[in-house]
Amino acid sequence: MSAITVPVPKEFSFDEALTFLKRSPRELLHRVENETVSKAIRVGNTTAAFTVTFEKNKLHVRLLTDGLTPGQQYEVVAYIREWFDLDTDLKPFYALADKDKLLKDLVKQHYGYRIVGQPDLYESLTWAMLGQQINVAFAYTLKQHFVENFGATLQHGDQKYFLFPEPATVAVLTTDQLLPLQFSRQKATYAVTIAEAFANGNVSKESLQGLPLQEAKERLIKIKGVGNWTANYALMKTFRYPDAFPLEDAGLYNVVKKYKKLDRKPTADEMKKVFKKYKGWEAYATLYLWKSA
DNA sequence: CGCCAGGTTAGAG
DNA sequence: CTCTAACATGGC
């Protein structure tokens with residue numbers, strides 16, 4: 001079995017990443033067992049399963065699928081680098097956070113916590129949409145049903161790996177096929193609309209790559225069902241624009257409410273004021289603030 | 001049972 | 001541009 005080592009930055013915590021990945025027992029797109037993450041992804045025209053562990057200060061990637069070309073192996077490693085957010089230099093953020101009352105303790109407690117991402121923009125956008133206006137636990141239930149019903153699977157040994165559904169698969173669904181999965185009519189419609197946008201090529205990760213945040217956001221918001229919150233969330237998880245963050249997020253409102261000892265929901269202006277301090281690092285500030293919620 | 005949850009849209013004022 | 005109702009369902 002081939003193994004590949006991947007160096008990580010000093011400010012990286014595999015444990016924090018694992019904690020995040022273990023968030024829901026309903027997650028089908030990866031497994032965490034004995035400090036080992038396993039997952040399958042599509043690379044080119046094939047599917048690759050792999051495991052990731054952390055030993056001697058490095059990630060160790062083991063490919064479970066035989067016969068991958070060097071190019072495909074490279075793609076797997078590139079995916080993992082993106083997934084674990086290994087290419088962001090957190091030093092400037094930590095310098096800023098160390099001087100901030102709200103963040104100071106959080107960044108100490110969770111030192112090395114990064115944005116566990118979703119390198120697939122379609123997955124990211126759909127996942128964000130599923131999470132609109134419901135609690136996270138139920139969002140995972142919806143995702144579980146969605147993946148079980150429409151995602152491809154890969155059997156490796158006694159392990160079954162699920163892949164996120166493809167846009168082309170979802171684009172041709174009727175809302176009636178999604179209602180039994182506990183989707184609301186609205187979410188069912190949104191799911192199909194988002195899939196159509198990707199399936200017909202109107203939106204793709206490649207076409208947004210490198211765009212300024214505002215432009216990327218505008219393109220995503222053209223899709224019905226994708227508002228400011230959803231677009232920011234997806235851009236945060238896929239491209240890690242450091243200043244992409246869901247300002248309207250209920251969790252963030254609650255953190256600020258608590259911090260300012262308010263007896264009501266903070267206003268949008270009050271939220272903006274708090275986040276002004278984190279200019280350029282709003283996404284990471286959000287990540288750590290969610291930890292306190 | 002009631003309130004709220006990782007919101008968005010369409011329509012009115 | 002801002003405000004509001006409707007959507008809609010589970011978790012706690």
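Since the structure is predicted, the reported quantities are computational estimates derived from the model, not experimental observations. Numbered from 1 within each chain, the chains take letters A, B, ... in sequence-line order.
- For A:S184, the listed nucleotide lying nearest its side chain is C:dA8; candidates were B:dT9, B:dG7, C:dA8.
- Nucleotide B:dA5 holds its C1' atom 15 Å from the CD atom of A:E248, rounded to whole Å.
- An OP1 or OP2 oxygen of B:dG6 is reached within less than 4.0 angstrom by no side-chain nitrogen or oxygen of A:N232.
- Judged purely by atom type and a 3.5 angstrom limit, A:K143 has no side-chain atom pairing as donor or acceptor with the backbone of A:R26.
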Under 3.5 Å, N/O pairs linking protein and nucleotides 10-12 of chain C:
unit_1	atom_1	unit_2	atom_2	d
C:dG10	OP1	A:Q182	NE2	3.0
C:dG10	N2	A:N135	ND2	3.2
C:dG11	O4'	A:N135	ND2	3.1

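- Mapping A:G225 and A:I134 onto DNA chain B via the closest heavy atom, the residue that lands nearer the 5' end is A:I134.
- Summarising the geometry, the separation between CG on A:L252 and P on B:dA5 is reported as 12 Å, rounded to the nearest angstrom.
- Here B:dG6 presents its P atom at 14 Å from CE of A:M271, a figure rounded to the nearest Å.
- In this structure, A:L179 reaches neither bases nor backbone, as no heavy-atom distance under 4.0 Å exists between it and the strands shown.
- When only modelled atom types and interatomic distance are considered, A:S184 and A:Q186 share no side-chain donor-acceptor pair under 3.5 Å.
- Ring orientation note: the planes of A:F14 and A:F54 are close to parallel, at an angle under 30° on the 30°/60° scale.
- Using a 4.0 Å heavy-atom criterion, one finds that A:Q132 contacts the sugar-phosphate atoms exclusively.
- The 12-atom threshold is not exceeded at CZ of A:R185, counting heavy atoms of other residues, nucleotides or ligands nearer than 6.0 Å.
- Separating the OH atom of A:Y140 from the C1' atom of C:dT9 is a distance of 19 Å, rounded to the nearest angstrom.
- Judged by distance alone, with hydrogens and angles left aside, the side-chain atoms of A:E27 form no donor-acceptor pair with the main-chain N or O of A:S24 at under 3.5 Å.
- As rounded to the nearest Å, C:dG10 and B:dT9 have P atoms that lie 23 Å from one another.
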Atom pairs, protein N/O to nucleotides 11-13 of chain B N/O, distance under 3.5 Å:
none

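- In this structure, A:W229 atom CH2 and B:dA5 atom P are separated by 13 Å, rounded to whole Å.
- Using atom C1' as the reference point in both B:dG6 and C:dA5, the two lie 22 Å apart (nearest Å).
- Within the structure, every side-chain polar atom (N or O) of A:K187 is placed at least 4.0 Å from both OP1 and OP2 of C:dT9.
- Centroid-to-centroid, the aromatic rings of A:Y278 and A:Y288 stay 6.0 Å apart or farther.
- Candidate nucleotides B:dT8, B:dG6, B:dA5 were compared by shortest atom distance to the side chain of A:T230, and B:dT8 ranks first.
- A:G251 comes within contact range of no nucleotide atom at all, as no heavy-atom separation falls under 4.0 Å.
- Distance NZ (A:K222) to P (B:dT8): 17 Å, rounded to an integer number of Å.
- No more than 12 heavy atoms of other residues, nucleotides or ligands lie within 6.0 Å of NZ in A:K279, so this atom counts as exposed by the packing criterion.
- Checking B:dA5, B:dT8, C:dA8 against the side-chain heavy atoms of A:R185 singles out C:dA8 as nearest.
- Rounded to a whole Å, the CG atom of A:L130 is 12 Å from the C1' atom of B:dG6.
- Between the side chains of A:S292 and A:Y259, no donor-acceptor pair of N or O atoms lies under 3.5 Å.
- Between the CZ atom of A:F146 and the P atom of C:dT9 there is a distance of 17 Å, rounded to whole Å.
- Residue side chain A:Q186 does not reach the base of C:dA8 through any donor-acceptor N/O pair under 3.5 Å, judged by distance alone.
- Checked against the 6.0 Å centroid threshold, A:Y190 and A:F183 do not count as a close aromatic pair.
- Each of A:F93, A:Y94, A:F12 was evaluated against A:Y111; a single residue qualifies, A:Y94, per the ring-ring contact (aromatic ring centres under 6.0 Å, His included) test.
- Checking A:Q132 against A:T230 by side-chain atom types alone, a donor-acceptor pair falls below 3.5 Å.
- In this structure, of B:dG6, B:dT9, C:dA8, it is B:dG6 that holds the atom nearest to the side chain of A:Y233.
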